[in-house]
Participant: 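My questions will all concern the structure given below.
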Amino acid sequence: MALYILLASFTDQGVRNAKDSPQRAQAVRDMAKKAGCTFKDLYWTLGQYDIVGIIEAPDDIAVTALGLSIGALGNVRTQTMRAFSGDEMQQVIGRLVQP
């Protein structure tokens, strides 16, 4: 399973309904399971992004479908990044091509 970092920013709708954010987070966790993904961690943050999540997913398609499903709810806009563990990065380095 691959790891992804999800960054989310509240929309105007999300800010108006901020008090419901913990309940919405549980609904999103349930959506993730249906998409074959798992939220490993989820944090509300200060700064440019309002929420940071760590997601485990079988592939890019599953996590992209999840991100679009979350965005369709209208409370946040998301940005998702693939994250590599130390072991995965060692594999990447092992495949570097010499000029």
Side-chain angles (χ1 to χ4, degrees):
M1 295 280 257
L3 286 179
Y4 298 84
I5 307 299
L6 178 126
L7 304 172
S9 298
F10 286 127
T11 61
D12 289 343
Q13 173 182 309
V15 170
R16 283 192 302 274
N17 299 308
K19 68 181 183 305
D20 299 327
S21 186
Q23 291 80 18
R24 288 196 311 261
Q26 184 56 52
V28 167
R29 286 178 187 272
D30 295 340
M31 287 172 60
K33 286 182 186 176
K34 290 179 184 175
C37 305
T38 303
F39 269 92
K40 304 301 278 177
D41 287 303
L42 183 68
Y43 302 97
W44 285 262
T45 57
L46 299 174
Q48 181 177 357
Y49 297 99
D50 300 304
I51 298 168
V52 175
I54 301 171
I55 301 169
E56 192 173 60
D59 53 43
D60 292 347
I61 293 170
V63 78
T64 300
L66 176 61
L68 289 170
S69 298
I70 292 168
L73 297 174
N75 295 301
V76 295
R77 295 282 176 254
T78 63
Q79 181 177 351
T80 307
M81 302 177 293
R82 173 68 163 88
F84 296 92
S85 68
D87 288 342
E88 290 171 319
M89 195 59 199
Q90 282 298 116
Q91 291 177 35
V92 170
I93 291 167
R95 291 187 183 188
L96 291 176
V97 179
Q98 299 299 317

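This is a predicted model, so every value here is computed, not measured.
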Participant: Which heavy atom of Cys37 sits nearest a heavy atom of Ala57, and at what distance?
Facilitator: SG-CB, 3.6 Å

Participant: Rounded to the nearest 0.5 Å, what's the gap from CZ on Phe84 to CD1 on Ile93? Could you check?
Facilitator: 11.5 Å

Participant: Any side-chain to backbone donor/acceptor pair from Gln48 onto Ser9? Under 3.5 Å, distance only.
Facilitator: no

Participant: To check you understand the geometry: which heavy-atom pair defines the closest contact between Gln79 and Tyr49, and what is its length?
Facilitator: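 Closest approach of Gln79 to Tyr49: OE1-OH, 2.9 Å.
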
Participant: Can Val52 and Leu6 be said to form a side-chain contact (heavy atoms from CB on, under 4.5 Å), step by step?
Facilitator: CA-CA 6 Å; Val52 175; Leu6 178 126; over 6 Å; no

Participant: Side chains of Gln26 and Asp30: donor-acceptor distance under 3.5 Å anywhere?
Facilitator: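 Asp30 and Gln26 do have a side-chain donor-acceptor pair below 3.5 Å.
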
Participant: Please check if atom CD1 in Ile61 has more than 12 non-hydrogen atoms from other residues, nucleotides or ligands closer than 6.0 Å.
Facilitator: no

Participant: Can a donor-acceptor pair be found, under 3.5 Å and without considering hydrogens, that links the side chain of Arg24 to the backbone of Asn17?
Facilitator: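 Pair found, side chain donor or acceptor close to backbone of Asn17.
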
Participant: Is the shortest heavy-atom distance from the side chain of Glu88 to the side chain of Leu3 under 4.5 Å?
Facilitator: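 Of all side-chain heavy-atom pairs linking Leu3 with Glu88, none is under 4.5 Å.
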
Participant: Check Gly36 against Pro58 and note the closest heavy-atom contact, atom names and distance.
Facilitator: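 Minimum heavy-atom separation between Gly36 and Pro58: O-CD, 3.1 Å.
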
Participant: Starting at CE of Met31, measure out to CG of Leu73 and round the result to the nearest 0.5 Å.
Facilitator: 5.0 Å

Participant: Can you tell me how far CG of Leu7 sits from CG of Asp50, rounded to the nearest 0.5 angstrom?
Facilitator: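 Output value for this atom pair is 10.5 Å.
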
Participant: Examine distances only and state if a side-chain atom of Thr11 and a backbone atom of Asn75 form a donor-acceptor pair shorter than 3.5 Å.
Facilitator: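 Judged by distance alone, yes, a pair lies under 3.5 Å.
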
Participant: Do Tyr4 and Thr64 have side chains that approach each other closer than 4.5 Å (heavy atoms only, starting at C-beta)?
Facilitator: no

Participant: Mark yes when over 12 heavy atoms from residues, nucleotides or ligands other than Leu96 sit less than 6.0 Å from its CG; otherwise mark no.
Facilitator: yes

Participant: With rounding to the nearest 0.5 angstrom, report the NZ to CD1 distance, Lys40 to Ile55.
Facilitator: 12.0 Å

Participant: Above 12 or not: heavy atoms from other molecules or residues under 6.0 Å from CG of Asp41?
Facilitator: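 Above 12, so yes.
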
